[in-house]
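By convention in this document, chain letters (A, B, ...) are assigned in the order of the sequence lines, proteins followed by strands, and residues within each chain are numbered from 1. Computed over heavy atoms, backbone and side chain alike; hydrogens, waters and symmetry mates excluded.
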Amino acid sequence: MAGGEGPVSGVAESREHLFKVLVIGELGVGKTSIIKRYVHQLFSQHYRATIGVDFALKVINWDSKTLVRLQLWDIAGQERFGNMTRVYYKEAVGAFVVFDVTRGSTFEAVSKWKHDLDSKVLLPNGSPIPAVLLANKCDQKKDGSQNLSQMDQFCREGGFIGWFETSAKDNINIDEAARFLVENILANYKTFPNEENDVGKPKLDLDPLKAESKSQCC
Amino acid sequence: MGGFLQSNSAARSAVCLNVTALTTGKGYLLNWSCVCLPWFSGPLNLCSGEFSLNSKWIKIFVLTISKNKTFLSLFFFPRNFFTKRTKELKPAVQSAPGWKLFGKVPPRENLPKDSKIIQQEYEARTGRMYKPPPPSTRRKNIEFEPLSTTALILEDRPANLPAKSVEEALRHRQEYDEMVAEAKKREIKEAHKRKKIMRERFKQEDNIASAMVIWINEILPNWEGMRATRRVRELWWQGLPPSVRGKVWSLAVGNELNITPELYEIFLSRAKERWKSFSETNSENDVEDVSASVADREASLELIKLDISRTFPSLYIFQKGGPYHDLLHSVLGAYTCYRPDVGYVQGMSFIAAVLILNLEEADAFIAFANLLNKPCQLAFFRVDHSMMLKYFAAFEVFFEENLPKLFLHFKSYSLTPDIYLIDWIFTLYSKSLPLDLACRVWDVFCRDGEEFLFRTGLGILRLYEDILLQMDFIHIAQFLTKLPEDITSEKLFSCIAAIQMQNSNKKWAQVFASLMKDNKEGDKNHSPALKS
């Protein structure tokens, strides 16, 4: 269902959404790789460093009457650019915060990125934008890293709506994580007074919660 | 094993092959259910065949048995032939009886024959062994060079069928001739095109060679006296010959910082000490009780390591194990020791890499440090946000002046320069343009200074103005952060040349200076999206 690119269905009541989603995290954690995998179904060891910001567009036929356009903003990871990238955060409605399971320091930086995110952009109702934590490069994981309940607790305390172990290389959990974020964004839309209920009800029976080797909180 | 070949005149142009194949030891034994070949104008009975194929070619032997004649024929097709509609191939049959080799003088002794003999004959005629042509020319051969097509074609209907009428035979012959003529014409056109490209390439090489002589013998020995002359400036615009490129860049960038090769060695050895201690502390414990500044520096070293492998990855020379990996590491490491206040900033690896490709190690470092010391580069690499905003604002003044329509289009989407200019300026176009073209931009950047970086940006926008005007925000953003790879230097430089760096009689430097003054007086900001 979700995940395919395609034209708008001809149904009269069909709705189109345009969502701006940020992909942030330390340098070299695989932000660009995750996006390329998600949008182009590709993986390469040879992506160039992102300077400034790169873009991608993913069109999702969410259900028979909902079309979702995800505008993905792939933001350079060096902390130094922090000030400069403020403008990139404007009007975002969701975010992925990515770290590399093989480099502990990138996990330590997660809170800093989340804090940075919350200080730069909020939903129209003043609450933080939904953010999903991605533990990337799980294909290279040495065992004995964070255990699941610790991660769940970390997410709850850090204000993440959930977390996924992902691998852009082996295509693990990326579609699932994106679907989970979009569900949350759509749910937020429903609660906005001006958005009414004609937002095609996001179906929650898609089973995003049952993808293997990951857990979620909240 | 048995079957028949049949043509359906209505479907003549739609070539299809519908076979059920039984695998045999060598190839496939065919059970033809239906074959419609464009040049068959009558049905054939009883035909068995064998076909073999490699990845790109299908070779078909067909044994055709009709009442009083038996034909053995041989076809070669590119694999994609049967799925492609080929309008070029029209029915073509000659009036002489029997088969003929498509596009060639027909073999007359056309009775039962071993397929090998046919192949040998074919090889003897064309003077080459049968081998699939090299990959690059395969399709061309079929589309443009009928002489290399080896299909045998039936000139007349088999004897068991009513003969063609005179008109039909004439028409087929005419169609066949037209087809061959058409293909020949195309062949000649292609050849002309190839020749033209070669001529241009030779001309270019000649130009480079003669320019090189001028640079080496005349200009470089009298650098200070000649660098600003009109003749040199014009020659410079044409692009520096690769053999003098590094030298001219070095001279043009200068060495205000008075860095010597010895100084480079000193900073390099400091960097090496630091790497050593860094890897030691890193393996012992996860960098915990060190002061913030040390942690930052070490983070810088870590970043260099990560970024080096992501610098021109497609060249495979800066990656681990590549010939320039250590060199790039050294230059960047030495710089972070030389300028700890700036440190390593993403984008630097691309600049250092381009310099390393054109200069010796110490010279590359000297040029690198001096280049990064230019006001514009210093503003960007220190991520001096307010200065960067000034540069963007100045850029927008000339953007509006030169490309008002596109400027408004961008405005309507709030698409500000920070979306695309950051990458272009930080890497001096070395990431966004093909490397040879980026070097040409560097050539003129060394001649004209920072102004040329922004002029190049406008040149790119001008080159793609028509396309960009049709796009919405996300597509423009995607387009500009990943420019087409087929961008050519002729087109880009003619667009850059057309950009006027003149705004109501004010030049870049004046516009920039007045923006600096404006801002000091707390005046309006020209880049609205960057207001925080």
Novice: Which pair of non-hydrogen atoms, one from A/Gly52 and one from B/Ile422, has the smallest distance, and what is that distance?
Specialist: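 The answer is CA-CG2, 3.7 Å.
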Novice: In this structure, are over 12 heavy atoms from other groups packed under 6.0 Å from A/Phe19 atom CZ?
Specialist: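 Buried by this count: over 12 neighbours within 6.0 Å.
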Novice: Counting only heavy atoms closer than 4.5 Å, note whether B/Ile419 contacts chain A via side chain, backbone, both or neither.
Specialist: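 Answer is both: backbone and side chain atoms of B/Ile419 are under 4.5 Å from chain A.
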Novice: Begin from the C-alpha positions of B/Glu302 and A/Arg103 and carry the test side chain to side chain contact (heavy atoms under 4.5 Å, CB included) through to its verdict.
Specialist: CA-CA 11 Å; B/Glu302 175 79 13; A/Arg103 284 193 291 143; 4.0 Å; yes
Novice: Taking every non-hydrogen pair under 4.5 Å, which of B/Phe312, B/Tyr420, B/Tyr344 racks up the most with chain A?
Specialist: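 Top count of heavy-atom pairs under 4.5 Å with chain A: B/Tyr344.
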Novice: Between B/Phe380 and chain A, which part of the residue has a heavy atom less than 4.5 Å away: side chain, backbone, both or neither?
Specialist: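 Interface part for B/Phe380: neither.
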Novice: Can you measure from OG (B/Ser309) to NE2 (A/His46) and round to the nearest 0.5 angstrom?
Specialist: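 B/Ser309 atom OG to A/His46 atom NE2 measures 9.5 Å (nearest 0.5 Å).
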Novice: Which of residues 423-432 of chain B have a heavy atom under 4.5 Å from any heavy atom of chain A?
Specialist: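 Those residues of residues 423-432 of chain B which have a heavy atom under 4.5 Å from chain A are B/Asp423, B/Phe426, B/Thr427, B/Lys431.
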Novice: Using 0.5 Å steps for rounding, measure from the CE atom of A/Met84 to the CG atom of B/Asp384.
Specialist: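 These two atoms lie 12.0 Å from each other.
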Novice: Step by step, would you call A/Leu27 with B/Arg310 a side chain to side chain contact (heavy atoms under 4.5 Å, CB included)?
Specialist: CA-CA 11 Å; A/Leu27 187 152; B/Arg310 306 194 296 168; 3.5 Å; yes
Novice: With sequence neighbours excluded, what pairs up with A/Asp54 under the salt bridge (Lys or Arg N to Asp or Glu O under 4.0 Å) test?
Specialist: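 Testing A/Asp54 for salt bridge (Lys or Arg N to Asp or Glu O under 4.0 Å), a comparison that skips the adjacent residues, returns none.
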Novice: Identify the two heavy atoms, one from B/Val342 and one from A/Arg80, that lie closest to each other, and give their separation to 0.1 Å.
Specialist: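 Of all heavy-atom pairs spanning B/Val342 and A/Arg80, the closest is O-NH2, 2.6 Å.
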Novice: List the atom of B/Phe350, the atom of A/Arg48, and the distance in Å for their closest heavy-atom pair.
Specialist: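 For B/Phe350 versus A/Arg48, the nearest heavy atoms are CZ-CB, 4.1 Å.
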Novice: Checking an interface table here. Which of residues 110-121 of chain A come within a heavy-atom distance under 4.5 Å of chain B?
Specialist: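 Residues of residues 110-121 of chain A touching chain B at under 4.5 Å: none.
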Novice: Could you tell me which portion of B/Val383 (side chain, backbone, both or neither) has an atom closer than 4.5 angstrom to a non-hydrogen atom of chain A?
Specialist: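 Only the side chain of B/Val383 comes within 4.5 Å of chain A.
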Novice: Restricting to non-hydrogen atoms, name the atom on B/Gln346 and the atom on A/Thr50 that form the minimum distance, rounded to 0.1 Å.
Specialist: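 Heavy atoms only, the tightest pair is OE1-O, 3.6 Å.
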Novice: Counting a contact as any heavy-atom pair under 4.5 Å apart, which residues of residues 473-486 of chain B contact chain A?
Specialist: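 Residues in range: B/Phe473, B/Ile474, B/His475, B/Ala477, B/Gln478, B/Thr481.
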